[in-house]
Amino acid sequence: MELLVSAINTKEALDAIEGQADIIDVKNPKEGSLGANFPWIIKEISKYTENKTLSATIGDAPYKPGTMSLAALGCAISGANYIKTGLYGTKNKTEAIDLMKNINRSVKDYNSDAIVVTCGYADAKRISAVKVEEIIDITLESNSDIAMLDTAIKDGKTLFDHQTLDSLTQFIEKAHDHSIKVALAGSVNLDQIKQLNMINCDIVGVRTAVCDNGNRNTGSISPELVKNIKQNII
């Protein structure tokens with residue numbers, strides 16, 4: 001299982017690299033669960049990730065295919081290999097597929113090797129987002145590469161407060177049946193990360209678990225905490 005660490009600036013990215021993270025993810029928590037950061041920050045971090053995968057988020061996305069396609073293209077041009085979109089404002093599966101199809105075209109016309117990540121929310125009912133059980137179908141029908149679940153509302157509840165281990169196992173198995181990789185995140189702790197590793201999750205995403213004060217908004221990434229997680233999932 002690969003370890004994705006979400007950084008907000010170059011220093012945090014370098015600390016994640018020192019901690020041996022596999023994927024350096026650039027986001028801005030001030031703008032939401034998958035809040036978008038600035039293109040110049042992505043570009044700056046890309047200077048240090050030649051031997052790593054660089055991921056970037058384009059936000060908790062509304063149903064605005066043109067706007068979000070431009071945002072996704074900006075991520076790709078800035079140097080991101082993985083482009084993540086949170087299906088926050090799509091009202092139904094049809095809108096979500098349309099949004100992701102356009103994002104895919106925008107990104108892959110620029111870089112055919114780019115990886116597009118469709119991100120749903122484990123707490124979808126709390127924000128009236130598309131259902132968890134629809135995320136894999138949306139990923140498949142939009143020709144995206146990775147199906148992801150995160151939590152939209154960061155209030156101390158984790159992925160496991162909204163999804164059981166059995167439901168996550170079924171999610172992973174369905175995705176793998178269609179040759180789709182799965183990324184899971186949502187304020188998960190070390191014990192939960194170990195469980196995700198056991199059910200063959202491909203990528204686990206963290207921020208809170210590797211912040212020095214345990215707070216994703218006020219803390220900073222600790223290389224030692226990153227390294228500890230990495231050593232526990234090898």
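- Between Lys230 and Asp22 there is a side-chain heavy-atom pair separated by less than 4.5 Å.
- Here CG of Leu196 is found 6.5 Å from CD1 of Ile172. Values are rounded to the nearest 0.5 Å.
- Taking the side chain as every heavy atom from C-beta outward, Asn189 and Ile193 never approach each other to under 4.5 Å.
- Between Lys157 and Thr151, every side-chain heavy-atom pair lies at or beyond the 4.5 Å cut-off.
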Start with the C-alpha gap between Leu225 and Ile229, add the side-chain angles, then the distance that decides, and say whether side-chain contact (heavy atoms from CB on, under 4.5 Å) holds.
-> CA-CA 6 Å; Leu225 291 174; Ile229 290 177; 5.9 Å; no
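- A salt bridge links Arg126 with Asp155; the closest basic N to acidic carboxylate O contact falls under 4.0 Å.
- We find that Arg207 and Asp25 are not joined by a salt bridge, their nearest charged nitrogen and carboxylate oxygen being 4.0 Å or further apart.
- A donor-acceptor distance shorter than 3.5 angstrom exists from the side chain of Asp202 to the backbone of Val182, with no hydrogens or angles considered.
- With hydrogens and angles ignored, the 3.5 Å screen pairs a side-chain donor or acceptor of Lys52 with a backbone N or O of Ala21.
- Ion pairing between a basic and an acidic side chain is recognised when a charged N comes within 4.0 Å of a carboxylate O; Asp137 and Lys174 show such pairing.
- Remark: side-chain polar atoms of Asp145 are paired, donor with acceptor, to backbone N or O of Val116 under 3.5 angstrom.
- When all heavy atoms of Ser6 and Glu12 are compared, the closest pair comes out as O-OE1, 4.3 Å.
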Run the side-chain contact (heavy atoms from CB on, under 4.5 Å) check on Val226 and Gln20 step by step: do they pass?
-> CA-CA 7 Å; Val226 175; Gln20 300 177 8; 5.8 Å; no
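- Closest heavy-atom contact between Val107 and Ala72: CG2-CB, 3.6 Å.
- Within the 4.5 Å cutoff, side-chain heavy atoms of Glu173 are placed close to those of Thr169.
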Report all side-chain donor-acceptor pairs from residues 36-48 shorter than 3.5 Å, counting only partners two or more places apart or in another chain.
{"residue": "Asn37", "atom": "ND2", "partner": "Ile8", "partner atom": "O", "Å": "3.0"}
{"residue": "Asn37", "atom": "ND2", "partner": "Lys27", "partner atom": "O", "Å": "2.9"}
{"residue": "Glu44", "atom": "OE1", "partner": "Lys47", "partner atom": "NZ", "Å": "3.0"}
{"residue": "Ser46", "atom": "OG", "partner": "Lys43", "partner atom": "O", "Å": "2.5"}

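- At a threshold of 4.5 Å between side-chain heavy atoms, the hydrophobic network of Ile, Leu, Val, Met, Phe, Trp and Tyr places Met100 and Ile146 in two separate groups.
- If you take SG on Cys211 and CG on Asn213, they are separated by 6.5 Å, rounding to the nearest 0.5 Å.
- Under the 4.5 Å side-chain criterion, counting only non-hydrogen atoms from C-beta, Ile138 is in contact with Lys93.
- In this structure, Ile203 and Tyr82 have side chains that are in contact, with non-hydrogen atoms separated by less than 4.5 Å.
- Linking Ile, Leu, Val, Met, Phe, Trp and Tyr whenever their side-chain heavy atoms come within less than 4.5 Å puts Ile58 and Val130 in one cluster.
- Under 3.5 Å, the side chains of Asp60 and Tyr121 contain a donor-acceptor pair of N or O atoms.
- With sequence neighbours left out, the salt bridge (Lys or Arg N to Asp or Glu O under 4.0 Å) criterion links Asp109 to Arg105.
- Atom-to-atom distance recorded for Gln192:CD and Leu168:CG is 10.0 Å, nearest 0.5 angstrom.
- In terms of heavy atoms, Tyr63 sits closest to Glu95 at CE1-O, 3.3 Å.
- Taken from OH in Tyr88 to SG in Cys119, the straight-line distance is 12.5 Å, to the nearest 0.5 Å.
- Placement of Ile135 and Ile180 within a single hydrophobic cluster is found when ILVMFWY residues are connected by side-chain heavy-atom separations under 4.5 Å, directly or transitively.
- A side-chain donor-acceptor contact under 3.5 Å links Asn104 and Ser144.
- Nearest heavy atom pair, residue Ser33 against residue Ala152, reads CB-O, 3.6 Å.
- Without hydrogens or angle criteria, Gln163 side chain to Leu159 main chain gives no donor-acceptor distance under 3.5 Å.
- For the 3.5 Å distance criterion, the side chains of Lys125 and Ser128 fail to qualify, holding no donor opposite an acceptor.
- Put simply, the side chain of Ser55 does not reach to within 4.5 Å of the side chain of Asn81, judged on heavy atoms.
- No continuous path of hydrophobic side-chain contacts links Ile17 to Leu3 [ILVMFWY only; heavy atoms under 4.5 Å].
- Counting non-hydrogen atoms of neighbouring residues, nucleotides and ligands closer than 6.0 angstrom, the NZ atom of Lys101 reaches no more than 12 such neighbours.
- Residue Ala185 comes nearest to Met148 through the heavy atom pair CB-CE, 3.8 Å, listed as atom of the first residue, atom of the second, then distance.
- No more than 12 heavy-atom neighbours from other residues, nucleotides or ligands sit within 6.0 angstrom of NZ on Lys181.
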Starting from the C-alpha separation in whole Å, work towards a yes-or-no answer on side-chain contact (heavy atoms from CB on, under 4.5 Å) for Val206 and Leu4.
-> CA-CA 6 Å; Val206 297; Leu4 177 151; over 6 Å; no
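- Taken from NZ in Lys64 to OG1 in Thr90, the straight-line distance is 13.5 Å, to the nearest 0.5 Å.
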Full working for side-chain contact (heavy atoms from CB on, under 4.5 Å) between Ile127 and Ile153 = CA-CA 8 Å; Ile127 59 170; Ile153 300 174; 4.0 Å; yes
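- Judged by distance alone, with hydrogens and angles left aside, the side-chain atoms of Ser69 form a donor-acceptor pair with the main-chain N or O of Asn102 at under 3.5 Å.
- Taking 4.5 Å as the limit, every side-chain heavy atom of Ser222 sits out of range of all side-chain heavy atoms of Val210.
- Between the side chain of Asn228 and the main chain of Glu224, no donor-acceptor pair closer than 3.5 Å is present.
- Atom CD of Glu141 sits about 11.0 Å away from atom OG1 of Thr118, to the nearest 0.5 Å.
- No more than 12 heavy-atom neighbours from other residues, nucleotides or ligands sit within 6.0 angstrom of NZ on Lys131.
- Residues Arg216 and Thr208 come closest through the heavy atom pair CB-OG1, 3.4 Å.
- Under the 4.5 Å side-chain contact rule for hydrophobic residues, Ile24 and Ile233 do not share a cluster.
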